[in-house]
Colleague: 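Before anything else, here's the structure in question.
Note that these values count all heavy atoms, side chains included, but never hydrogens, waters or copies made by symmetry. The sequence lines fix the lettering, A, B, ..., with proteins before strands; numbering per chain opens at 1.
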Amino acid sequence: MAIQKPYIPKGTRDFSPAEMLKRNYIFDTIKKHFVRFGYQPIETPAMENLSTLIGKYGEEGDKLLFKILNSGDFLTKTSDELLAQRNSQKLTTKISEKGLRYDLTVPFARYVVQHQNEINFPFKRYQIQPVWRADRPQKGRYREFFQCDADVVGTNSMLNEVEIVQLIDGIFSDLKINVVIKLNNRKILSGIAEILGQADKIIDITVAMDKLDKIGLNNVNIELIDKGLPQTAVDQLQPIILLSGNNNEKLASLKSVLSNSEIGLKGVAEMQEIIDYLQMFDLQNEVELDLTLARGLNYYTGTIFEVKANDVQIGSICGGGRYDDLTGIFGLKDVSGVGISFGADRIFDVLNELDLYPKHQSENTKVFFVNFGKAEEIFCLPILAKLRKAGVNAEIYPEATKMKKQMKFANDKAIPFVVIIGEDEMQKGELVLKNMESGEQKFLSIEELLIFMTK
RNA sequence: GUGAUUGUAGCUCAGUAGGUUAGAGCGCUGGAUUGUGGUUCCAGAGGUCGCGGGUUCGAGCCCCGUCUUUCACCCCA
């Protein structure tokens, strides 16, 4: 058989032990904060029924779903007529019934409906799992990536939004990434469209406004005209797009601009409540009310969150919002929820670019024993057992090879301490502990080693 | 999905106008140093030039296809 060069599918990646240490640091940090706010873990299958997924992410999203072929000889059950049509979309529904999940929110909605009688509402759940999108890969964009979601359903309180901002702030402070936390409210956007007399064009308006940073005001206006907005409405929109000042000033202006829009005022009131509450806390990162923030309008109905890293050019690393009726499509009405999703892979890229990882990863081996032979093994193994029992990650080289090779092994593995026990040490009842970073060595008794490694 | 772009040693990259035996740095292996890694010195190993086809006396280099990479748009974490 011909030898084939191994490779992995487009947009996917392998992660080495060193990379996994870094990734687990991210996951552990995020998880720690989720738990601290009372979120509980769930997991859902990698694949869902296509009927669960299709139509939830818009037309674009449907195209990006990975579909799984049915088992068995499905073509024999397909009519010649259908095959002759060569209509991929139509054929797909006959030969594929399952797909890989596209995000964690829709599977969560499905979960809530399916398990509604077991769930204790308000239900706070977190979920850290991979999702798949048949997108064309580019920077910060993969076909398989992890999302870390925290959502709470069954409560309308703005307290949830306040806590989510605290959660975001806590996580990125811990990861040492400087971010700006952007907030907006879909109701405010609706109000703006309403006072412009363009309620039906809300999506076009917000999508265009969202590009302000990227393409500039002129191009935004061109796009608005392009989408059929009258010049008068565009003119009326200008002061809103360019709204400046601090959050309270922005809210005050909005309040007067939106005075004739009930929904708009509701949005302003919600935002005001969140901003007021947040003033009680000493947040590490900037919180900014940004009217040009649009995001997934597919299901968001209230607050919208988005987080951007200040020091790295990459898409948003975290985003979410409130949805009033996510579970409605699965038959459970009036369950409001709000959630946030951390993009672990982009956070990984940001941390790599800024090299913000802690020096020593707690998952790594802390102390390494050089192996000199049988007698030394017998002497060392009980010490290793004691260390491990005390919670110290420890290992011994499995063979009595050249010391140089063993030292290099420990060095390559970034192990901070090496214990050397040969004939001399066994006789004297002491051991040599080498600090691999400073190169310094000292003699210790076994008891002293245990105390040193566990402190 | 649209338009570009990339691929040569484990990694980062040279490779002249198409010419005989494809190079460097880092890494790797061994030695200097049989109880000391990370620094230094010496030596060595390592290549279907992404894959398939074509043009040519001759292709890493030119042409076509394909896969992959990166980027913009769309959209998004």
Colleague: Rounding to the closest angstrom, what is the interatomic distance between B/rA22 and B/rA59 at atom P?
Modeller: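 Roughly 14 Å separates the two P atoms.
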Colleague: In whole Å, measure the gap between the P atoms of B/rU56 and B/rA9 for me.
Modeller: 30 Å
Colleague: Reckon A/Lys211 touches a base, only the sugar-phosphate, or nothing at all at heavy-atom distances under 4.0 Å?
Modeller: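 Contact class for A/Lys211: sugar-phosphate only.
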Colleague: Would you say the base of B/rC76 and the side-chain of A/Arg346 have a donor-acceptor pair closer than 3.5 Å?
Modeller: yes
Colleague: Hey, which sits more toward the 5' end of RNA chain B by its nearest nucleotide, A/Asp135 or A/Ile420?
Modeller: A/Ile420
Colleague: Under 4.0 Å between any heavy atoms, over every strand shown, what does A/Gly61 touch: base, sugar-phosphate, or nothing? Just pick one.
Modeller: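 Touches nothing.
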Colleague: Does the ring of A/Phe145 carry A/Arg346 above it, NZ/CZ under 6.0 angstrom from centre and within 45° of its axis?
Modeller: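 Checked: cation-pi criterion not met.
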Colleague: Per the atom types in the model, does the base of B/rG35 pair as donor or acceptor with the side chain of A/Glu425 at under 3.5 Å?
Modeller: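 Yes.
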Colleague: Do the side-chain N or O atoms of A/Lys214 get closer than 4.0 angstrom to the phosphate oxygens (OP1, OP2) of B/rC73?
Modeller: yes
Colleague: Does B/rA17 pair with anything, Watson-Crick or G-U wobble, both distances under 3.5 Å, and if so, with which nucleotide?
Modeller: none
Colleague: OP1 or OP2 of B/rU68 versus the side-chain N and O atoms of A/Lys10: is any pair under 4.0 Å?
Modeller: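 Yes, such a contact exists.
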Colleague: Is the shortest distance from a Lys or Arg side-chain nitrogen in A/Asp62 or A/Lys56 to a carboxylate oxygen in the other one below 4.0 Å?
Modeller: no
Colleague: Does A/Lys402 make a side-chain donor-acceptor contact with the base of B/rG35, cut-off 3.5 Å?
Modeller: no
Colleague: Roughly, in whole Å, what's the span from CD in A/Glu223 to C1' in B/rC74?
Modeller: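 Distance check: A/Glu223 CD to B/rC74 C1' gives 11 Å.
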Colleague: Tell me which nucleotide, if any, is Watson-Crick or G-U wobble paired with B/rA45 when both distances must be under 3.5 Å.
Modeller: none
Colleague: On a whole-Å scale, what distance lies between the C1' atoms belonging to B/rG1 and B/rG58?
Modeller: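 Here B/rG1 and B/rG58 have their C1' atoms 42 Å from each other.
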Colleague: A/Met407 CE to B/rU39 P: how many Å, rounded?
Modeller: 13 Å
Colleague: Whole angstrom is fine here: how far is it from CD in A/Glu59 over to P in B/rG1?
Modeller: 15 Å
Colleague: Could you tell me the separation between the CZ atom of A/Phe172 and the P atom of B/rA77, rounded to a whole number of Å?
Modeller: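 Atom CZ in A/Phe172 sits about 13 Å away from atom P in B/rA77.
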Colleague: Expressed in whole Å, how much space separates the P atoms belonging to B/rG15 and B/rC61?
Modeller: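 Each nucleotide's P atom is 14 Å from the other's.
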Colleague: Using a 4.0 Å heavy-atom cut-off across all strands, classify A/Asp103 as base, sugar-phosphate, or nothing.
Modeller: nothing
Colleague: Both conditions, 6.0 Å and 45 degrees, for the charged tip of A/Arg110 above the ring of A/Phe330: are they met here?
Modeller: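 Negative - A/Arg110 is either too far from the ring of A/Phe330 or too far off its axis.
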Colleague: Looking only at non-hydrogen atoms, find the nearest pair between A/Ile26 and A/Leu175 and report the distance.
Modeller: CA-CD2, 4.4 Å
Colleague: Should A/Phe145 be counted as stacked on B/rA77, where stacking needs a ring-centre gap under 5.5 Å and an angle between planes under 30 degrees?
Modeller: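 Yes; by the centre-distance and plane-angle rule, A/Phe145 counts as stacking on B/rA77.
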Colleague: Using a heavy-atom cut-off of under 4.0 Å over every strand shown, decide if A/Tyr142 touches base, sugar-phosphate, or nothing.
Modeller: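 Result for A/Tyr142 = base.
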Colleague: Just how far, in rounded Å, is P of B/rU33 from NZ of A/Lys404?
Modeller: 10 Å
Colleague: For A/Lys63 and for A/Asp345, find the nucleotide of RNA chain B with the closest heavy atom, then tell me which residue's nucleotide is more 5'.
Modeller: A/Lys63
Colleague: List in chain and number order the residues that pass salt bridge (charged side-chain N to carboxylate O under 4.0 Å, His left out) with A/Arg101, two or more places apart in sequence or in another chain; answer none if no residue qualifies.
Modeller: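 In terms of salt bridge (charged side-chain N to carboxylate O under 4.0 Å, His left out), with neighbours along the sequence ignored, A/Arg101 is linked to no residue.
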Colleague: Considering just the side-chain nitrogens and oxygens of A/Gln441, establish if one lies under 4.0 Å of OP1 or OP2 belonging to B/rU36.
Modeller: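 For A/Gln441, the contact criterion (side-chain N or O under 4.0 Å from OP1 or OP2 of B/rU36) is not met.
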Colleague: Let me know the distance between CG of A/Leu64 and C1' of B/rC73, rounded to the nearest Å.
Modeller: 14 Å
Colleague: Taking 4.0 angstrom as the limit, do A/Asp151 and A/Lys124 come out as a salt bridge?
Modeller: no
Colleague: Please state the P separation for the pair B/rU70 and B/rU8 - nearest whole angstrom.
Modeller: 14 Å
Colleague: Identify which nucleotide among B/rG35, B/rC76, B/rC73 has an atom closest to any side-chain atom of A/Arg133, counting heavy atoms from C-beta outward.
Modeller: B/rC76
Colleague: Rounded off to whole Å, could you give me the CD1-to-C1' distance for the A/Ile171 and B/rA77 pair?
Modeller: 14 Å
Colleague: Of all the choices, B/rG37, B/rG35, B/rG3, which nucleotide is nearest to the side chain of A/Arg136 once you look at every atom?
Modeller: B/rG3
Colleague: Can you tell me how far C1' in B/rU6 sits from the matching atom in B/rC13, rounded to whole Å?
Modeller: 13 Å
Colleague: B/rC74, B/rU2, B/rU36: which one has an atom nearest the side-chain heavy atoms of A/Lys434?
Modeller: B/rU36
Colleague: Where the side chain of A/Met403 is defined as all heavy atoms beyond and including C-beta, which of B/rC71, B/rG37, B/rG35 is the nearest nucleotide?
Modeller: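 Of the candidates, B/rG35 comes closest.
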Colleague: By the 4.0 Å heavy-atom rule, please label A/Gln147 as base, sugar-phosphate, or nothing.
Modeller: sugar-phosphate
Colleague: Do A/Asn411 and B/rG37 share a donor-acceptor pair, side chain to base, under 3.5 Å?
Modeller: yes
Colleague: Provide the distance between the two P atoms, one in B/rG50 and one in B/rA77, to the nearest whole Å.
Modeller: 36 Å
Colleague: For the P atoms, the ones on B/rA4 and on B/rG44, what distance do you get once it is rounded to whole angstrom?
Modeller: 48 Å
Colleague: Any strand counts, and the cut-off is 3.5 Å on both contacts for Watson-Crick or G-U wobble. Which nucleotide pairs with B/rC11?
Modeller: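 For B/rC11, the partner nucleotide comes out as B/rG25, under the 3.5 Å rule.
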Colleague: Rounded to the nearest angstrom, tell me the gap between atom CZ in A/Phe368 and atom P in B/rU36.
Modeller: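 Whole-Å distance recorded here is 15 Å.
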Colleague: From the options B/rC71, B/rG35, B/rA32, select the nucleotide whose nearest atom is closest to the side chain of A/Val432.
Modeller: B/rG35
Colleague: Does the side chain of A/Met158 come within less than 4.5 Å of A/Glu270's, by heavy atoms?
Modeller: yes
Colleague: Under 30°, 30 to 60°, or over 60°: which ring-plane class applies to A/Tyr25 and A/Tyr357, parallel, tilted or perpendicular?
Modeller: perpendicular
